[in-house]
Trainee: 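Here's a structure for you.
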Amino acid sequence: MGPLPPQRQRQGCSASCGEDVPRHPQNGQWHIAFAVIPDPIDKPGTGEVIGIDRGVTITAALSDGRTLTCPQLTTRERAQIRKHQRRAARAPKGSERKTAAYAKVARLKAREANRRKDWCEKTSTMLARTYDLVRFEKLNIKTMTAKPKAKPDPDHPGQYLRNGRAAKAGLNRAVLSQGWGLLRERTRHKAPGRVEDVPAPYTSLRCSACGWIDKNSRKSQAEFVCSSCGFTCNADTNASINVAAGQGGIPRPRRTAGAGGATTATSRSNAREPQPTWAGIPLLLGGGGCQMQVDAQSGPWFSHGNGPYSWAAYCLGSRHDDAPR
């Protein structure tokens, strides 16, 4: 937009009203900030609920099928950042060339931050004006972007093993460049009382059509194919539908699937650890011809000599033929 001439918008404001406003230089530009708290946006009254799944490839996937992406620096701008960083690394310490190169890098990164803020403001306004209830996937961004802990080398005291810090740093930059926290915070400011958080576990593994939870249903980052009903959908869109239905943090399918159909209570998700079951397999204990069999319905019983005995009767030393099985 370029420089704009100052204009007086409020009645009774003198020409010198901006003299006491704090001003500070930032990336070669001067900024004056006025504290103005706008009124909250009224809900439209349509009763619509939207779920938002946040990611790196797709910044915000909405439950109505739309995908929103936060603007980033172009390929040319990223190349310029690398060029200025190389020049700054080669310049002598404390020289003007080094300072000028770092100033150009800071100016480009500030441009990216301004684009991110502008996108978050416009997107949060759209969400507050369009939907009565906005549900976000609950993410602990501070923990997700924390640097990995150092791994001491037990064989060489004072030295450390590789902990993947470089790869984690790249992932942290990708997460922070999406503006997840700012989007949620600005939406809460503009729509107070109409923003909810849904627990994130199992939202990406749960089928929004039948409610089945299976880690094998997530074929790739973008592909979701339910292993139970065959429902196919974009993985982020499927997760956002679960978020909109409030179906988060469910360890296994329930009798009522809130986002779609019903799942029987006897079905078991493979996300749960397999449990041991009894089977009718004979087991020879050895010695004396004693044999134990395990029945899936009546439990374990023994056959020795005169007849079968229950497990309780065997433990108590009972050898009567009328012992309950």
Side-chain angles (χ1 to χ4, degrees), residues 1 21-22 24 26-27 29 31-73 106 108-147 168-201 203-204 236-237 239-249:
M1 296 179 61
V21 178
H24 61 90
Q26 181 180 2
N27 304 317
Q29 299 178 352
H31 299 265
I32 301 179
F34 295 90
V36 178
I37 302 177
D39 296 331
I41 299 176
D42 298 331
K43 62 179 181 180
T46 59
E48 294 187 30
V49 180
I50 193 69
I52 301 177
D53 178 76
R54 293 170 288 182
V56 176
T57 304
I58 299 177
T59 305
L62 307 185
S63 56
D64 57 5
R66 290 185 296 168
T67 56
L68 308 176
T69 304
C70 181
Q72 307 290 329
L73 292 177
L108 289 171
K109 291 187 175 181
R111 184 184 303 175
E112 181 183 16
N114 292 337
R115 292 175 184 174
R116 181 168 56 249
K117 283 187 59 178
D118 179 72
W119 179 83
C120 290
E121 293 290 344
K122 293 178 179 178
T123 304
S124 59
T125 301
M126 181 271 295
L127 294 174
R129 290 178 177 176
T130 308
Y131 305 100
D132 284 354
L133 182 61
V134 182
R135 286 176 172 170
F136 285 90
E137 181 186 19
K138 188 176 182 180
L139 301 174
N140 192 342
I141 303 175
K142 183 177 180 180
T143 303
M144 293 174 61
T145 56
K147 64 180 181 180
K168 186 63 168 61
L171 178 61
N172 294 346
R173 287 193 296 267
V175 170
L176 296 175
S177 65
Q178 302 300 322
W180 293 351
L182 182 60
L183 175 62
R184 195 262 181 209
E185 191 70 12
R186 293 302 295 148
T187 305
R188 184 181 65 85
H189 291 162
K190 299 176 183 180
R194 296 192 286 128
V195 176
E196 294 181 357
D197 291 328
V198 177
T203 54
S204 60
D236 295 329
T237 303
S240 63
I241 296 175
N242 292 328
V243 172
Q247 299 294 335

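The chain is numbered in sequence order, starting from 1. Values below: all heavy atoms of this structure, side chains included; hydrogens, waters and symmetry mates excluded.
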Trainee: List in chain and number order the residues that pass side-chain contact (heavy atoms from CB on, under 4.5 Å) with Ser177, two or more places apart in sequence or in another chain; answer none if no residue qualifies.
Mentor: Gln72, Glu112, Arg116

Trainee: For the atom pair CG (Leu176) and CG (Leu182), what is the distance rounded to the nearest 0.5 Å?
Mentor: 12.0 Å

Trainee: Below 3.5 Å, can you tabulate the donor-acceptor pairs from side chains in residues 190-198 to any protein atom, sequence neighbours excluded?
Mentor:
| residue | atom | partner | partner atom | Å |
| --- | --- | --- | --- | --- |
| Lys190 | NZ | Glu121 | O | 2.8 |
| Lys190 | NZ | Glu121 | OE1 | 3.0 |
| Lys190 | NZ | Ser124 | OG | 2.9 |
| Lys190 | NZ | Thr125 | OG1 | 2.6 |
| Arg194 | NH1 | Ala128 | O | 3.4 |
| Arg194 | NH1 | Tyr131 | O | 2.7 |
| Arg194 | NH2 | Ile41 | O | 3.1 |
| Arg194 | NH2 | Ala128 | O | 3.1 |
| Glu196 | OE1 | Arg135 | NE | 3.0 |
| Asp197 | OD1 | Arg184 | NE | 3.3 |
| Asp197 | OD1 | Arg184 | NH2 | 3.4 |
| Asp197 | OD2 | Arg184 | NH2 | 2.9 |

Trainee: Would you give the length of the straight line joining atom OG1 of Thr130 to atom CD of Glu48, rounded to the nearest 0.5 angstrom?
Mentor: 8.0 Å

Trainee: Check the pair Trp119, Leu183 against side-chain contact (heavy atoms from CB on, under 4.5 Å), reporting the backbone distance first and the verdict last.
Mentor: CA-CA 9 Å; Trp119 179 83; Leu183 175 62; 4.1 Å; yes

Trainee: Could you pull out the closest heavy-atom pair between Val49 and Ser63, with the gap in Å?
Mentor: O-OG, 4.2 Å

Trainee: Please check this pair: side chain of Thr67 against backbone of Ile58, looking for a donor-acceptor N/O pair closer than 3.5 Å.
Mentor: no

Trainee: For the residue pair Pro44 and Asp132, what are the closest heavy atoms and their distance?
Mentor: CD-OD1, 3.1 Å

Trainee: Measuring from atom CG of Asp236 to atom CD of Glu137, what distance do you get when rounded to the nearest 0.5 angstrom?
Mentor: 9.0 Å

Trainee: In this structure, are over 12 heavy atoms from other groups packed under 6.0 Å from Lys168 atom NZ?
Mentor: yes

Trainee: Indicate the atoms forming the closest heavy-atom contact of Val56 with Trp180, along with that distance.
Mentor: N-CZ2, 3.9 Å

Trainee: For Lys122, enumerate each residue passing the side-chain contact (heavy atoms from CB on, under 4.5 Å) test, keeping only those at least two apart in sequence or located in another chain.
Mentor: Asp118

Trainee: On a heavy-atom basis, which atom in Ala244 and which in Ile50 lie closest, and how many Å separate them?
Mentor: CB-C, 4.1 Å

Trainee: With sequence neighbours left out, what residues match Thr143 under side-chain contact (heavy atoms from CB on, under 4.5 Å)?
Mentor: Asn140

Trainee: Can you pull the salt bridge (charged side-chain N to carboxylate O under 4.0 Å, His left out) pairs that have at least one residue in residues 52-64, sequence neighbours excluded?
Mentor: Asp64-Arg66

Trainee: Only counting residues at least two apart or in another chain, list the ones meeting salt bridge (charged side-chain N to carboxylate O under 4.0 Å, His left out) with Arg115.
Mentor: Glu77

Trainee: Would you compute the distance between atom CZ of Arg173 and atom OG1 of Thr145 and round it to the nearest 0.5 angstrom?
Mentor: 12.5 Å

Trainee: Checking side chain to side chain contact (heavy atoms under 4.5 Å, CB included) against Leu68, which of Ile52, Leu62, Leu127 comes through?
Mentor: Leu62

